[in-house]
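Worksheet for the structure shown next.
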Amino acid sequence: MPLFLFNTLTRKTEEFRPMDPSGRTVTMYCCGPTVYDSAHIGNFRAFVSQDLLRRRLEAHGWEVRHVMNITDVEDKIIRAIHASGEPLETFTRRHEKAFLDDFDALGCRRPAVMPRATEHIAEILALVKRLEDRGAAYATPDGSVYFSIERFPGYGKLSRLDRAQLKPGARVNADEHAREAYGDFALWKAWSARDGVVAWESPWGRGRPGWHIECSCMSMKHLGETLDLHCGGEDLVFPHHEDEIAQSEAATGRPFVRFWVHNAHLLVNGQKMSKSAGNFFTARDLFARGYTGRELRYVLLSAHYRLPLNFTLEGLDAARQALARLDAWEARLGAAAGAAALPAPGGALWKEFGAALDDDLNISAALGALFEALRASNRSLDEGQTTAAEAARALSDWLAVREALGLPAPPLAEAPSDVEALARERQTARAVKDWKRSDALRAEIAKRGWAVKDATDGFRLTRQP
RNA sequence: GGCGGGUUAGCCAAGUGGUAAGGCAGGGCUCUGCAAAAGCCCCAUCGACGGUUCGAUUCCGUCACCCGCCUCCA
């Protein structure tokens, strides 16, 4: 069954196939974090949807060569270390580590390569030189190098912005350097006093890379001159990705990216979540409130990636409930399957779920199929109509779905021994119909953070959120 | 101003030219010592106004409101 994806370049939903002649490998580049602060959950919406895409690509049998850059030299970073006096590398590695901790907590699989900009200065300089040699870029007297959009006829094809419309405005900084045209952007920035010790030698003097060049450089280095997929938030369409196309294609003369995949923003109170607006949550903020990575992941995943998603704590609570239902179902299926061997996934659920995701990652339809399957299965279990083999088949489908969603296994229902003992004591009390004592024990168990639920064959303990 | 997206039940959210998936919340019921879990049932006519059509939420037009991008941004 083919996979269809919306391609920002063509503004159409197209069938995706890797360009690899053997049809086995997919190249995927994702714009990664700038490591200067804790990423907020809006940032993570991008990484979670990219992870969902990657898992779907893998479900199709393709090997995904996934690269995500780490931007570790940039204005905000320089400003921060200037204030703290910390060395660049110490500062950025600390934030990179924090980022990856959150990345892992959200169930995102690590990209195969996570190149850092500062470790590719030589390659960046080579690319800038190549662009200068080809006449696509020019150096200014102060030692900066700019890309000339005039000399790249395709400029604007991704964002569909008219070059003639690129006029200096409120958000265009007064030009500190001598650019030839307003749309021109820096490939290499000459050193200025604000940069302090952050500088590298170059043929044009001391300086540092511009923002866009690292992605062109590192993606092509690790994945080749033409990529299958390039992902990022929709705010990167212009100028970042437009500029990447210009730089890369001017240098190689080849198409840079086949499919551009952009996700919409996370909103808070209907407004874009952003650092500058101050209306953001970090993953840590939510963990501190007792929410888990899988709950947050579920929320971030629960709306189609190209539509804005309004984030609320109520949404997180809804995710918690939905997950609890799924976890309970998984436990039931496991018990019903017993020792029956798990077949390969391939039942109606797995097929319908996959078909929905193949339609440009239609997560809502996919989740719809999941909960319909859940209800039908629970009903059958209630009626005692499910054989061990059927339960195993359903469980196999569900585990495959869970993996496709990247949801970690339910938290272990292994209660501490004191809680376990209280529950046993309560069971004894119930056997002699000592309801008062039974209820007191339940309250005590609850006090210790667990909920006890009676079943015909004993009791079950679940962690109380 | 240019470009793009949105408006479906209390909240979140699919979808289709023939009378609207799913999740959360809410109500009723079954089960249960109670509770929980699970199951069953109930809960919308799809922003407004026109048009096309046997029939539109779904197509076309106009309007309203919201959001994003137009060189910090996932």
Side-chain angles (χ1 to χ4, degrees), chain A residues 8 11 30-34 36 39-50 74-76 156 159-162 164-173 182-186 211-212 231-240 242-243 262-267 270-277 298-299 302-304 306-312 314-326 328-329 331-332 356 359 362-372 374-376 378-383 430 433-436 438-439 442 446 451-456 459-460 462:
Chain A
T8 309
R11 308 284 162 107
C30 302
C31 283
T34 299
Y36 73 101
H40 60 64
I41 59 173
N43 300 124
F44 280 108
R45 183 184 191 195
F47 303 120
V48 167
S49 29
Q50 287 153 15
E74 181 265 356
D75 291 359
K76 287 189 284 283
S159 57
R160 307 206 171 176
L161 288 176
D162 182 353
Q165 299 287 335
L166 292 179
K167 297 250 168 73
R171 298 188 62 186
V172 179
N173 294 328
Y182 277 107
D184 292 355
F185 53 91
W211 174 32
H212 317 294
C231 311
E234 64 181 355
D235 51 348
L236 296 183
V237 172
F238 189 88
H240 187 53
E242 193 69 63
D243 291 351
H262 292 101
N263 61 276
H265 292 299
L266 195 64
L267 309 179
Q271 306 287 129
K272 176 179 166 181
M273 180 178 288
S274 74
K275 282 283 167 61
S276 46
Y298 188 95
V299 168
S302 63
H304 185 83
R306 283 194 291 112
L307 294 175
L309 169 59
N310 196 36
F311 176 80
T312 60
E314 290 72 28
L316 263 178
D317 291 332
R320 169 171 292 173
Q321 289 309 121
L323 283 167
R325 207 168 145 214
L326 290 165
W329 181 45
R332 274 190 98 176
D359 179 16
N362 188 338
I363 189 69
S364 300
L367 292 176
L370 169 60
F371 281 96
E372 279 173 2
L374 175 148
R375 194 192 309 141
N378 265 327
R379 186 189 319 189
S380 169
L381 286 162
D382 277 356
E383 291 167 352
R430 290 188 72 235
K433 296 190 191 294
D434 185 350
W435 308 129
K436 209 174 152 190
S438 164
D439 290 347
R442 178 161 58 200
V452 59
K453 289 160 190 175
D454 300 321
T456 47
F459 60 86
R460 270 182 43 225
T462 52

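Heavy-atom basis, side chains included; hydrogens, waters and symmetry copies ignored. Residue numbers start from 1 in every chain, and the chains themselves are labelled A, B, ... in the order their sequence lines are given, proteins ahead of strands.
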- Task: Remember a base hit wins even if backbone is also touched, and classify A/Lys453 as base, sugar-phosphate or nothing at under 4.0 Å, heavy atoms.
- Result: base

- Find the distance A/Trp211:CH2 to B/A74:P and express it as a whole number of Å. 7 Å

- Task: Using a heavy-atom cut-off of under 4.0 Å over every strand shown, decide if A/Asp243 touches base, sugar-phosphate, or nothing.
- Result: nothing

- Determine the contact category for A/Ser438: base if any of its heavy atoms lies under 4.0 Å from a base atom, sugar-phosphate if only primed atoms, P, OP1 or OP2 are that close, otherwise nothing. base

- Considering just the side-chain nitrogens and oxygens of A/Asn378, establish if one lies under 4.0 Å of OP1 or OP2 belonging to B/G39. yes

- Message: Would you say A/Asn43 places a side-chain N or O within less than 4.0 Å of OP1 or OP2 belonging to B/C73?
- Response: no

Is there any protein nitrogen or oxygen under 3.5 Å from a nitrogen or oxygen in nucleotides 18-22 of chain B, and what are the pairs?
from  : atom 1 : to       : atom 2 : distance (Å)
B/A21 : O3'    : A/Glu372 : OE2    : 3.4
B/A21 : O2'    : A/Glu372 : OE2    : 2.4
B/A21 : N1     : A/Ser364 : O      : 3.3

- Task: Check every strand shown and say whether A/Gln271 touches a base, only sugar-phosphate, or nothing at a heavy-atom separation below 4.0 Å.
- Result: sugar-phosphate

- Task: Using a heavy-atom cut-off of under 4.0 Å over every strand shown, decide if A/Gly42 touches base, sugar-phosphate, or nothing.
- Result: base

- Item | Base partner of B/U30, which must satisfy Watson-Crick or wobble distances under 3.5 Å | B/A38

- Using a strict 4.0 Å threshold on nitrogen-to-oxygen distance, state whether A/Arg379 and A/Asp382 make a salt bridge. no

- What is the pairing partner of B/C49, taking Watson-Crick or G-U wobble pairs with both distances under 3.5 Å in any strand? B/G61

- Message: Looking at A/Arg379, I'd like to know whether one of its side-chain N or O atoms comes within less than 4.0 Å of OP1 or OP2 on B/C40.
- Response: yes

- Please check the phosphate of B/A74 (OP1 and OP2 only) for any side-chain N or O of A/Gln50 closer than 4.0 Å. no

- Note on the structure: Here the distance between atom P of B/C31 and atom CG of A/Asp454, to the nearest Å, is 17 Å

- How is A/Val452 classified with respect to the nucleic acid when contacts are heavy atoms under 4.0 Å: base, sugar-phosphate, or nothing? base

